[in-house]
Amino acid sequence: MKTNLSVGLGKLKLNNPVMVASGTFGYAEEFRDFMDLKKLGAIVTKTLTLKPRKGNPAPRTCETPAGMLNSIGLENPGLDNFIKDKFPFLKKLGVPVIVSVASEEEPEEFLELVSQLDKIEEAAAIELNISCPNVRGREGLISQDPDATFKIVQDVRKITGKTLITKLSPNVTSIGKIAKSAEEAGSDAISLINTLTGMSIDVGQRKPKIAVGIAGLSGPAIRPVAVRMVWEVFKKVKIPIIGMGGIMDTDSALEFIIAGASAVSVGTANFINPKTSLEILSGLKEYLIRNRITEIKELIGSLKA
Ligand code: SIN
């Protein structure tokens, strides 16, 4: 039986819905010996800022029950070094590359980042990371405020015709409202969820296990929250959703698709088994065949609720 796994994110067409999440896959080169990167639906880069960043002090990761905490603090080589040193490998792969960007302090930095990326043909899409919980010195996150979300997406929309994806934080009261703001401002797609803020304590030392204290929780522990948020957003917006948060295997990817995600991003699982995304891709094909479904699109938002 023939199956069709292609999906659309705005005008960006993916051969299949399985992507790898920002910050868990470096700039892909590190994974080249483990898997056939060309089979991925898309690759999302580690978030870039204009200038290089060293990130937060160590320790900046620790394991938690069914998950992990991270406070990397957006360590990255900066946009220019990325374009010079990392992008040449990525653009040869023939897989859509989604470039994730964030501002360090002022939201206006997004405009500079996006105007430079707009000139690069091989950058298939831009993800606005307005939801990183690990950068200090800022009053709340842009994605915690529907007006601030609307403003930055609207400003960026004016300067690029590329597919624009807005990445949202789960650390909010009404995820649907924030997603609607991004849609109304011109975002082509929504990705969610970024990490939930959390804390873990070394009771011997009575110190946080992460140097800066509060960090972002990911992994299977957060999956039910993420699936719930995808479902809420699916009911609220018409633009496609990229679902993520603790996807470990085919069934967890299916949960997101059935709740309303057009594509899924594998994150924390990449640290355990770098081939997880491709195993999920095979599993999705088998699921379609077993259930006599020809198009994966038929499954999107097919929850019987
Ligand atoms: C980090 O670099 O601290 C994580 C990035 C994010 O959660 O967006």
Side-chain angles (χ1 to χ4, degrees), residues 1-9 12-25 28 31-32 34-44 65-68 93 95-96 98 165 167 170 189-196 217-234 240-305:
M1 184 183 148
K2 268 204 153 183
T3 52
N4 179 3
L5 278 100
S6 66
V7 293
L9 300 175
L12 176 63
K13 302 293 168 229
L14 308 186
N15 288 338
N16 71 71
V18 186
M19 309 173 29
V20 282
S22 175
T24 64
F25 212 71
F31 286 77
R32 71 196 297 183
F34 297 107
M35 60 196 288
D36 185 357
L37 295 166
K38 289 186 179 60
K39 290 188 177 161
L40 289 167
I43 293 171
V44 189
M68 66 177 279
L93 291 174
V95 171
I98 300 174
I165 300 162
K167 186 163 185 182
I190 301 287
S191 62
L192 79 158
I193 57 173
N194 206 320
T195 51
L196 277 158
L217 181 66
S218 63
I222 70 167
R223 191 189 309 139
V225 177
V227 172
R228 185 265 293 176
M229 288 194 160
V230 166
W231 171 235
E232 285 186 358
V233 169
F234 179 71
I241 300 165
I242 303 163
M244 73 201 76
I247 295 178
M248 303 303 284
D249 51 23
T250 304
D251 278 6
S252 43
L254 281 163
E255 280 196 66
F256 281 86
I257 295 170
I258 293 167
S262 294
V264 290
S265 257
V266 177
T268 302
N270 293 320
F271 301 130
I272 302 165
N273 170 12
K275 289 193 191 119
T276 306
S277 46
L278 296 189
E279 289 171 5
I280 289 174
L281 179 57
S282 305
L284 290 179
K285 281 183 202 155
E286 283 162 22
Y287 180 89
L288 292 184
I289 293 169
R290 210 167 51 245
N291 290 280
R292 312 207 60 74
I293 299 168
T294 46
E295 303 262 341
I296 192 119
K297 285 177 198 151
E298 288 174 42
L299 277 181
I300 300 169
S302 62
L303 183 70
K304 297 174 187 163

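Heavy-atom basis, side chains included; hydrogens, waters and symmetry copies ignored. The chain is numbered in sequence order, starting from 1.
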- Output yes when a side-chain donor or acceptor of N291 lies under 3.5 Å from a complementary backbone atom of L288, and no otherwise.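 Side chain of N291 to backbone of L288: no pair is present.
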- Main-chain N/O of V18 paired to N16 side chain as donor or acceptor, under 3.5 Å: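 Yes; judged by distance alone, with no hydrogens or angles, the pair exists.
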- Message: Please check if the number of heavy atoms outside N15 that lie under 6.0 Å from its CG is greater than 12.
- Response: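 Not buried by this count: 12 neighbours or fewer within 6.0 Å.
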- So does F271 have more than 12 non-hydrogen atoms from other groups sitting under 6.0 Å from CZ?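 Atom CZ in F271 is crowded, with more than 12 foreign heavy atoms closer than 6.0 Å.
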Residue pair [X] / [Y]: nearest heavy atoms and the distance that separates them:
X: F31; Y: N270; value: CE2-O, 4.0 Å
X: V7; Y: K297; value: CA-CE, 4.2 Å
X: L9; Y: A263; value: CD2-CB, 4.4 Å
X: K13; Y: P96; value: O-CG, 4.4 Å
X: I98; Y: A42; value: CD1-CB, 4.0 Å
X: P274; Y: S277; value: O-OG, 4.3 Å

- Item | Set of residues satisfying side chain to side chain donor-acceptor pair (under 3.5 Å) with respect to S262, sequence neighbours excluded |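 If we apply the side chain to side chain donor-acceptor pair (under 3.5 Å) test to S262, skipping adjacent residues, there are no hits.
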- Item | Distance (rounded to the nearest 0.5 Å) between F256 CZ and I247 CD1 |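 So the CZ of F256 and the CD1 of I247 are separated by 4.5 Å.
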- CZ/F34 to OG1/T276 distance, rounded to the nearest 0.5 angstrom?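 Nearest 0.5 Å value for the CZ-OG1 distance: 12.0 Å.
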- Begin with the C-alpha distance, continue with both residues' side-chain angles, and end with the deciding distance and a verdict on side chain to side chain contact (heavy atoms under 4.5 Å, CB included) for M19 and L14. CA-CA 9 Å; M19 309 173 29; L14 308 186; 4.0 Å; yes
- Using side chain to side chain contact (heavy atoms under 4.5 Å, CB included) as the criterion, point out the one residue from L278, L93, V266 that pairs with L40.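 For L40, the side chain to side chain contact (heavy atoms under 4.5 Å, CB included) test succeeds with only one of L278, L93, V266, which is L278.
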- Message: Could you walk me through whether R223 and M248 satisfy the side chain to side chain contact (heavy atoms under 4.5 Å, CB included) test, starting with their C-alpha distance in whole Å, then the side-chain angles of each, then the deciding distance to 0.1 Å, before giving a yes or no?
- Response: CA-CA 10 Å; R223 191 189 309 139; M248 303 303 284; 3.6 Å; yes
- Query: Does the side chain to side chain contact (heavy atoms under 4.5 Å, CB included) test come out yes or no for L299 and Y287, once each step is laid out?
  - Reply: CA-CA 11 Å; L299 277 181; Y287 180 89; 3.8 Å; yes
